[in-house]
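Just the heavy atoms: all of them, side chains too, but no hydrogens, waters or symmetry mates, feed the values below. Counting starts at 1 for both ligands and their atoms, in listed order.
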Amino acid sequence: MFIKNNFRPFLIAGPCSAETEEQVLETAHGLAGSGIDLFRAGVWKPRTRPGAFEGTGTPALPWLRRVKQETGLRTTIEVANGNQVYEALKHGVDVLWVGARSTVNPFSVQEIADALRGVDVPVLVKNPVNPDLDLWIGAIERIRNAGVSQIGAIHRGFSAYAKSKFRNAPYWEIPIELRRRMPDLPLICDNSHICGNREDLLEVAQQALDLNYNGLMTEVHPAPDAAWSDAKQQITPFIYRELINSLVVRRETTDNAEFLENIENLRHKIDEIDLELLNLIARRMRVAEDIGRYKQRNNISILQTTRWNEIMEKGFEQGRARGLNDEFIERFLSAIHQESIAHQQTVMHGVAVNGGG
Ligand code: PEP
Ligand code: MN
């Protein structure tokens with residue numbers, strides 16, 4: 001489950017919300033020839049503000065059964081409490097997903113997990129709305145501890161106060177770290193909720209595939225502009241098929257000897273550069289320690305804001321000239337600066353650094 005052979009992504013598509021029986025069936029028939037693996041629809045909709053369409057609830061579940069009967073597509077919906085799990089299973093929904101607003105709350109996740117005990121239906125866990133990897137992993141563990149053996153994660157982006165082109169900031173480093181910590185966990189990108197618009201769907205889907213994601217979840221509606229929820233980000237089944245056909249699916253590796261040799265050489269260069277970087281950083285820390293000792297003798301404080309601003313400004317300028325973006329420079333220099341301060345503190349307080357004084 002959730003993993004495709006032949007390097008094809010696992011595809012989940014369907015409307016944000018199940019609005020009417022006609023709309024659900026029209027979408028499913030529109031998607032049936034696109035090679036998708038799961039048909040999605042929201043039946044209970046967690047909405048940020050009251051008054052928006054909150055889903056049709058249980059009466060929409062027989063529509064999904066019809067989807068399966070008429071198109072053969074398996075179905076998936078979001079569940080947010082024990083009763084919804086019970087209703088979904090009673091109506092033959094094939095896969096359940098935990099939404100971002102539930103993952104954030106361990107009580108909700110535990111309730112869902114308890115309702116799943118002894119059932120072993122496949123479950124997908126969306127990331128929490130806030131950028132907290134442990135909360136995401138915690139939800140996955142709760143579901144797994146209930147005996148669910150087929151689990152996947154959905155990356156749908158994270159709420160951020162700052163305005164950006166994304167509805168939910170992707171913070172790719174978080175799912176990348178999830179991959180590192182749980183290498184066997186299938187990872188699916190919900191490009192619709194990351195983008196919040198139609199224009200960037202392909203770019204984000206391609207980025208996810210280039211990061212070796214296993215699949216995509218995308219919202220599809222027969223008349224997107226008239227959708228009762230998330231109208232701006234939904235696309236028609238026709239556009240969806242175009243999107244899927246435009247994706248470049250790359251393999252993780254190959255047995256081509258020439259490729260393997262060339263990549264090996266390039267990786268060797270990277271390893272050498274990494275070593276040089278570490279040597280340089282270590283050298284920088286030794287100088288920071290000298291500065292720490294000198295400041296201590298002269299009774300000068302460690303943190304000097306003007307100097308720090310100067311370093312950052314120079315870093316941005318020199319970084320730009322070398323094709324490195326400001327955001328990276330800020331993260332990189334901040335990490336180095338913090339470590340330098342730690343080294344200066346250590347020498348000032350007379351604690352040994354690397355065995356020295
Ligand atoms: C959805 O998939 O329609 C949904 C509500 O998503 P999320 O939980 O990611 O906000
Ligand atoms: Mn939606």
TODO: Determine, using heavy atoms of Met217 and all atoms of ligand 1, whether some pair is separated by less than 4.0 Å.
DONE: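 The answer is no, since Met217 has no heavy atom less than 4.0 Å from ligand 1.
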
Under 4.0 Å between a Lys/Arg side-chain N and an Asp/Glu carboxylate O for [X] and [Y]?
{"X": "Glu272", "Y": "Lys269", "result": "no"}
{"X": "Glu264", "Y": "Arg267", "result": "no"}
{"X": "Glu199", "Y": "Lys232", "result": "no"}
{"X": "Asp230", "Y": "Lys45", "result": "no"}
{"X": "Arg284", "Y": "Glu339", "result": "no"}

Suppose I only count heavy atoms of [X] and a 4.0 Å limit; which atoms of ligand 1 are within that range?
{"X": "Cys16", "result": "3 (O)"}
{"X": "Gly99", "result": "8 (O)"}
{"X": "Trp97", "result": "2 (O)"}

TODO: Give the C-alpha distance, both sets of side-chain angles, the deciding distance and a yes or no for side-chain hydrogen bond (donor to acceptor under 3.5 Å, both in side chains) between Asn245 and Glu242.
DONE: CA-CA 5 Å; Asn245 290 337; Glu242 282 190 342; over 6 Å; no

- [ ] With the Mn ion (ligand 2) as the reference point, give the N/O/S atom of Asp230 that is nearest.
- [x]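 Closest N, O or S atom of Asp230 to the Mn ion (ligand 2): OD2.
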
- [ ] For the atoms OE2 of Glu219 and SG of Cys16, give the angle they form at the Mn ion (ligand 2), rounded to 10 degrees.
- [x]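 OE2 of Glu219 and SG of Cys16 make an angle of 90° at the Mn ion (ligand 2), to the nearest 10°.
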
- [ ] Please determine if Asp190 has a nitrogen or oxygen closer than 3.5 Å to a nitrogen or oxygen of ligand 1.
- [x]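 Min N/O separation from ligand 1 is not below 3.5 Å for Asp190.
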
- [ ] Looking only at distances, please establish whether an N/O atom of ligand 1 is found under 3.5 Å from an N/O atom of Arg101.
- [x]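 Yes: some nitrogen or oxygen of Arg101 is under 3.5 Å from one in ligand 1.
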
TODO: Report yes or no: does His337 contribute a side-chain atom to a donor-acceptor pair with the main-chain N or O of Leu333 at less than 3.5 Å?
DONE: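 No; judged by distance alone, with no hydrogens or angles, the pair does not exist.
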
Got the closest protein heavy atom to [atom], with its distance?
{"atom": "atom 6 (O) of ligand 1", "answer": "Lys126 NZ, 2.9 Å"}
{"atom": "atom 8 (O) of ligand 1", "answer": "Ala100 N, 2.9 Å"}
{"atom": "atom 1 (C) of ligand 1", "answer": "His193 CE1, 3.2 Å"}

TODO: Using the six-membered ring wherever Trp is involved, compare the ring planes of His155 and Phe158 and label them parallel, tilted or perpendicular (cut-offs 30° and 60°).
DONE: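 Taking Phe158 first and then His155, their aromatic rings sit tilted (interplane angle of 30° to 60°).
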
Task: Per atom 2 (O) of ligand 1, closest listed option by heavy atom (Glu78, Lys45, Arg156, Arg40) - done: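 The residue whose heavy atom sits nearest atom 2 (O) of ligand 1 is Arg40.
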
